[in-house]
Amino acid sequence: MSFSKRLIAWYDQHGRDLPWRHTQDPYIIWLSEIILQQTRVEQGMPYFMRFSEQYPTVQDLASADEDDILNLWQGLGYYSRGRNMHKAARMVVSDFAGIFPTAYDEVIKLPGVGEYTAAAISSISANQAKAVLDGNVFRVLSRYFGVEVEINTPAGKKIFTELANEMLDADDPARYNQAIMDFGAMQCKPKSPTCGSCIFNQECVAPKEDKVHLLPLKKKGKGSRNRYFHYFIIEEDDKIMMSRRGEGDVWQNLYEFPMIETTEPLSGLDILKDERTKEYFSEDISLELKGNVIKHILSHQNIYAQFYKVNNPSALKLKKKSWNYVFLKDLNKLAQHKLIFSFIETNIS
DNA sequence: AACGCGGGGTG
DNA sequence: CACCCAGCGTT
């Protein structure tokens, strides 16, 4: 039996039962695919449930308030996905008469939909013969054929795109694509794959050459940099000062507290001496440490955050445009990033 | 071709 | 600690 037929047979027996597999509605498929970009199924699942319930149709999503969408996205990361999702929904309403496209060449026009997502939507919702190419597919194919080409280069991408489309089962692209991804996620895992019980154990190249752990090949990127965030907790009565982050950095448009950032650690005393602090507050401010330094790790930076309660909030002098007092009871309406809302959860109210 | 963009799981 | 996850957009 062919590779694809055996894979599909494995899938029929072992594949996961996931909520978005019970429909061919391209809107629902799209919703799941955006949420699952660079995100584990278990992590994205609760978000998918909330979004599909809150916004059952593309019209619902298009007419939603963007801040509500970001609020629902809170904690999932890669927040531009949420913003692009809203843009895409409005584009479907305005440019596609409210009918969610299924053709590869159409869906790929939507912001946030790249080659992978377009292949997934067009194959799963319309059975178009386009092979998906994600982390799972790279891994399965590189091991099966022993392809020692770096997957995160244009050359590697080209080779694997061609290979993936050769292997695709043109009779059943929808099932095949989901099969190879489940297979990668459940059997041909990055660490400790279960080669002993694998249906391809006889012919797979990687275990024969003892290269399972080595494949797929990947060119290394840059390491992490350190950043030091010093947050000011400014509370007056039942309100707290919040700040909206700007563009061109992490957590674009999300809310946090007013802060200053440095490239090196800073003592409480040094914060008082900082020019920006002096700009924000009149001379004698009194800071009180709130908890220990929190290390917040992103894939490309290590953030060390320290929170300071401002004991005399009336010392606040300058108010930036991006700053606003917010009622404590309304805090949950603002989309915050993880570092901030986990701090709020344990320290405020 | 390289880089920035989150948060969480794994060994 | 390094690596990876149903990747995409910008430069």
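Sequence lines set the chain letters: A, B, ... in the order given, protein chains first and strands last, and positions in each chain run from 1.
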Name the nucleic acid region contacted by [X], choosing base, sugar-phosphate or nothing; use a 4.0 angstrom heavy-atom cut-off, strictly under.
X: A:Ser32; result: nothing
X: A:Lys222; result: sugar-phosphate
X: A:Gln252; result: nothing
X: A:Ser80; result: nothing
X: A:Val132; result: nothing
X: A:Glu42; result: nothing

With a 4.0 Å cut-off on N to O distance, would you call A:Arg83 and A:Glu66 a salt bridge? no

Between [options], spot the one nearest the side chain of [X], thanks.
X: A:Leu298; options: B:dC5, B:dG7, C:dC4; answer: B:dG7
X: A:Asp182; options: B:dC3, B:dG8, C:dA6; answer: C:dA6
X: A:Gln38; options: C:dA6, B:dG4, B:dG6; answer: B:dG6
X: A:Lys191; options: C:dG7, B:dG11, B:dG6; answer: B:dG11
X: A:Lys218; options: B:dG7, B:dG11, C:dC4; answer: C:dC4
X: A:Arg16; options: C:dA6, C:dC3, B:dG7; answer: C:dA6

Round to the nearest Å and state the distance from A:Ile35 atom CD1 to C:dG7 atom P. 14 Å

Any donor-acceptor pair under 3.5 Å from A:Ser243 side chain to A:Glu256 backbone: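 No: the side chain of A:Ser243 does not pair with the backbone of A:Glu256.
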
Give a yes or no on whether the backbone of A:Arg276 and the side-chain of A:Asp274 come within a donor-acceptor separation of less than 3.5 Å.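 The answer is yes, because a donor-acceptor pair under 3.5 Å joins these two groups.
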
Short side-chain N/O contact from [X] to OP1 or OP2 of [N], under 4.0 Å:
X: A:Ser192; N: B:dG11; result: yes
X: A:Lys295; N: C:dC1; result: yes
X: A:Tyr79; N: B:dG7; result: yes
X: A:Lys219; N: B:dA1; result: no

Between the base of B:dC5 and the side chain of A:Arg81, is one N or O donor paired with an acceptor at under 3.5 angstrom?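 Side chain to base: no pair below 3.5 Å.
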
Between the base of B:dG6 and the side chain of A:Ser299, is one N or O donor paired with an acceptor at under 3.5 angstrom?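 Donor-acceptor pair under 3.5 Å: yes.
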
Would you say the side chains of A:Asp17 and A:His22 form a donor-acceptor pair under 3.5 Å?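 A:Asp17 vs A:His22: donor-acceptor pair found between side chains.
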
Can you tell me if A:Tyr116 and A:Glu33 form a side-chain donor-acceptor pair at under 3.5 Å?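 Yes - a donor-acceptor pair under 3.5 Å links their side chains.
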
